[in-house]
Amino acid sequence: MKILVINAGSSSIKYQLVDMTNEIVIAKGMCDRVGQQSSTLIYKGKSDIRLDDVKMPSHVEAMKFVLDALVHADYGVIKNLSEVSAVGHRVVLGGEDYTGSVVIDETVMKALYANIGLAPLHNPANIQGIEACKEIMPTTPMVAVFDNAFHSSMPDYAYLYAINYDDYKKHKIRKYGFHGTSHMFISQEVERITGKKDNKIVIAHLGNGASMSAVKNGKSIDTSMGLTPLQGLVMGTRCGDIDAAAVEYLVNNTDMDVHQVTTYLNKKCGLLGISGLSSDFRDLEEEYAKGDKCNPRARLAIEMFCYRVKSYVGSYAAAMGGIDCLVFTGGIGENSSIVREKVVEGLEFLGLELDKKANDTAKRGEMTLFTTGKKVKGYVIPTNEEIMIARDTLRLVK
Ligand code: ADP
């Protein structure tokens, strides 16, 4: 069986075709600048193709390019579209309606539209991706895999904000959490590595967007992102945890209105805002390597980033009554030995002891044990959200 995994953004569609007999990705790529004057198709299949200046005025045209590439006589990987058994769509927020993946039908579509208000930046694009596939492949089963589903096991005292309870009930304002497919994948990898299900794991998914979770016995009991992905860690351009009163203060003391403040907190803050240099961790690391000559704001951005991760490790270890395993994943988590070192430094009291050599030589794409302690292990584990989506899709359509 072959499963097509779709991750649709407002101006891009990332895709992978996975052969589920061996979980091998047989084609992947992305459509970029969808809806703009000229768009791009990137395709890696039998051979690598890049089509620039093509017309993808909507997600439907973009999906047609993807499907044409998959069945192309020269570089395609399947003979016709009937070989695609199902399509798994990443959907950012299912709200409280869904605690797991679902086969998409009219009721699900209605719920997705109803949840747009809770995820206005992400859900509309995910819906466009689904509508486009439904139009072109009307008889192929589709599954929605929600980013928040894995975190639906959080207890109420962890997911609630201390606002008036009636307002939570009426407006559904609560912590939902995101990156759920990644956190679930990592927790299953830890189960596989340790050979047991009763683990207390702290997962740090550190990419441009970053979140942490506390996973006890395979279930997420807390996570750092909230109602939206803005909460929690310092991210590439997001501020993470901040006093809500700062919003009114910014409205009153700058020329930004409340909408602009929200955009500012999402797009102009975080590593970018503190360093004044870049939201990209590689640029900050390059600066950091200059030692005494390092730009002080770049150093501060790295220190703030690591301090916040460390604080969550402590918080989640307390929430779970201990920790067996700390996992780093995502672009920064898998690549940055500096971040791992700075986070673990001083956590010997929890049982985390850095193996400097293993940490410095960890390679992206490979699992690495980077601590020496016997009781508590620190791992770098490459995440694979697409495989998780493909697995869930297969499970539901079988
Ligand atoms: P996204 O959240 O967009 O999926 P990724 O998980 O790919 O992002 O992570 C992107 C982040 O990873 C960027 O900040 C990037 O600078 C950082 N990154 C990628 N490679 C390295 C590296 N070799 N060293 C440090 N940071 C890296």
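Every number for a ligand or one of its atoms is a count from 1 in the order of the listing.
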Problem - Centroid separation Phe281 to Phe305 less than 6.0 Å - result: yes
Problem - atom 14 (O) of ligand 1 [closest protein heavy-atom partner, distance rounded to 0.1 Å] - result: Phe281 N, 3.1 Å
Fill in the blank from the handout: heavy-atom search around atom 25 (C) of ligand 1 in the protein gives Glu285 OE1, 3.3 Å
Practice task
Tell me which protein heavy atom sits closest to atom 5 (P) of ligand 1, plus the residue, atom name and distance to 0.1 Å.
Solution key: Gly331 N, 3.7 Å
Exercise for the section: Taking only Lys NZ, Arg NE, NH1 and NH2, and the carboxylate oxygens of Asp or Glu, determine whether Glu345 and Lys310 approach each other closer than 4.0 Å. Expected result: no
Practice task
Tell me which protein heavy atom sits closest to atom 15 (C) of ligand 1, plus the residue, atom name and distance to 0.1 Å.
Solution key: Asp280 OD1, 3.4 Å
Practice task
Using modelled atom types only, decide if a donor and an acceptor are shared between the side chain of Asp324 and the backbone of Lys200 within a distance under 3.5 Å.
Solution key: yes
Problem - Nitrogen or oxygen of Arg282 less than 3.5 angstrom from that of ligand 1 - result: yes
Fill in the blank from the handout: Separation between CZ (Arg90) and OG (Ser101), nearest 0.5 Å, reads 12.5 Å
Exercise for the section: Just need the protein heavy atom nearest to atom 20 (N) of ligand 1, so name the residue and atom and give the distance. Expected result: Asn335 ND2, 3.3 Å
Handout entry: Heteroatom distance test (Arg364, ligand 1): nitrogen or oxygen, under 3.5 angstrom
Key = no
Handout entry: Ring center gap for Tyr43 and Tyr75 short of 6.0 angstrom
Key = yes
Fill in the blank from the handout: Nearest non-hydrogen protein atom to atom 8 (O) of ligand 1, with distance, is Asn208 N, 3.4 Å
Handout entry: Asn253 side chain to Tyr249 backbone, donor-acceptor under 3.5 Å
Key = yes
Exercise for the section: Look only at the side chain of Ser336 and the backbone of Gly333, and say whether a donor-acceptor pair between them is shorter than 3.5 Å. Expected result: no
Problem - Ligand-side contact atoms (ligand 1) for residue partner Gly209, heavy atom cut-off under 4.0 Å - result: 2 (O)
Problem - atom 2 (O) of ligand 1 within contact range, any protein heavy atom under 4.0 Å - result: yes
Exercise for the section: Do me a favour and list the nearest non-hydrogen protein atom to atom 17 (C) of ligand 1 with residue, atom name and distance? Expected result: Ile332 CG1, 3.7 Å
Exercise for the section: Tell me, please: is Gly236 in heavy-atom contact with ligand 1, that is, under 4.0 Å? Expected result: no
Problem - Cation-pi, Tyr159 ring and Arg174 (6.0 angstrom, 45 degrees) - result: yes
